[in-house]
Amino acid sequence: MGIRDLDLGGKYLGSLRDSNDLIGDFDAIRGRFSEDGYVLIRKLHDPAKVQAARRALLELMDQAGQIDSSLPIDEALIAQGGRGSFAGGAQAAAHSPEFLALVEAPELLEFFANFLQGPAITFDFKWLRSVTTGGFTGSHYDVVYMGRGTKNLYTLWTPLGRVSYELGGLAILEGSHRSQHLAKLRETYGQMDVDRDNVEGTFSNDPIEMADKFGGRWLTTEFEPGDAIFFGMFTLHASLNNCTNHYRMSCDTRYQRADEPADERWVGENPKGHYAWNKTPPLSIEKAREEWGV
Ligand SMILES: O=C(O)CCC(=O)C(=O)O
């Protein structure tokens, strides 16, 4: 994970728990969210919709020469020189009917409406990832990327296909959503806006440093098609590394109450996205952390 090797079941890496036993009881799901800072639901989505969205993305990647055709396309074998991709905004991959049918499904919006106790919307901008060998996401809060509207905003991470430990799924730092516990981090890094401040968004690539500093273990699991996990803006998360020669495919999409303000960078027909971040060299996170004392 990141720059370290961790043992599953050891001091630093444990398992996410699923909340399938709570399905249908939204008070209990809200309670679980406050307790854990995340909610994992197996088969939250219809697996057939996940497979259709995966296939639509793979076909586009195949047309772009990213897939090695010595295996069936669904194996998502990385072509020589395959760079992987990130799609969002107005890009075709993030607007295929199959993909939108998954992440904007009426039953999914109804799930969030029940969770949030009011009609729900999703950002028009989507984050769609095909991660190559060695790729991973370092530890961060999502609020630094999308904190201009309500903080009552949820990221839903959906693997597009099976994601084994080796492919590198999402991991959550246990207990990191508790404000009293990480007050200083929230008051410094947690107040960043990457477009306003032009600071690197990833807090650390070292999961051991994070666990030692903030407590808790990293929690992860293997994901099957249909499984999804959601978490809040102040839950520290990252991913395991892709240790295979297949793409790790996933998307992350955002949901909030319709009557609360939405971050203007991510909504509308052609969302503007990050308009200033990285346009000039950003302040390094090491420098920023020195200033913050975290
Ligand atoms: O898929 C990943 O590697 C990272 C996802 C993530 O950071 C997110 O969903 O906010």
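Atom set for the values below is all heavy atoms of this structure, side chains included, hydrogens, waters and symmetry mates excluded. When a ligand or atom number is given, it counts from 1 through the structure's own listing order.
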- Message: Checking Phe231 against His177 for the ring pair (Phe, Tyr, Trp, His ring centres under 6.0 Å) test, could you report, in this order, the C-alpha distance in whole Å, the side-chain angles of both residues, the deciding distance, and whether it holds?
- Response: CA-CA 9 Å; Phe231 49 89; His177 62 298; over 10 Å; no

- Message: Is it true that, when you exclude Arg83 itself, more than 12 heavy atoms of the residues, nucleotides or ligands shown sit nearer than 6.0 Å to its CZ?
- Response: no

- Six-ring centre of Trp127, Arg254 cation under 6.0 angstrom, axis tolerance 45°: yes

Return yes if a side-chain donor-acceptor contact under 3.5 Å exists between [X] and [Y], otherwise no.
X: Asp68; Y: Ser70; result: yes
X: Thr158; Y: His45; result: yes
X: Asn152; Y: Thr150; result: no

Taking only heavy atoms of [X], which atoms of ligand 1 are found under 4.0 Å from at least one of them?
X: Ser239; value: 3 (O)
X: Thr155; value: 9 (O), 10 (O)
X: His140; value: 7 (O), 10 (O)
X: Ser250; value: 1 (O)
X: His237; value: 6 (C), 7 (O), 8 (C), 10 (O)
X: Trp157; value: 1 (O), 2 (C), 5 (C), 9 (O)

- Query: Between Arg248 and ligand 1, which residue portion shows a heavy-atom distance shorter than 4.0 Å: side chain, backbone, both, or neither?
  - Reply: side chain

- Message: I need the contact type for Arg254 against ligand 1. Using non-hydrogen atoms and a strict under-4.0 Å cut-off, is it side chain, backbone, both or neither?
- Response: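 Answer for Arg254: side chain.
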
- How far is atom 2 (C) of ligand 1 from its nearest protein heavy atom, and which residue and atom is that?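 Answer, as residue, atom name and distance: Thr137 OG1, 3.3 Å.
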
- Message: On a heavy-atom basis, I'd like to know which of Asn242, Val131, Asp142 is closest to atom 10 (O) of ligand 1.
- Response: Asp142

- Item | Residue among Tyr255, Phe223, Phe230 satisfying ring pair (Phe, Tyr, Trp, His ring centres under 6.0 Å) with Trp157 | Phe223

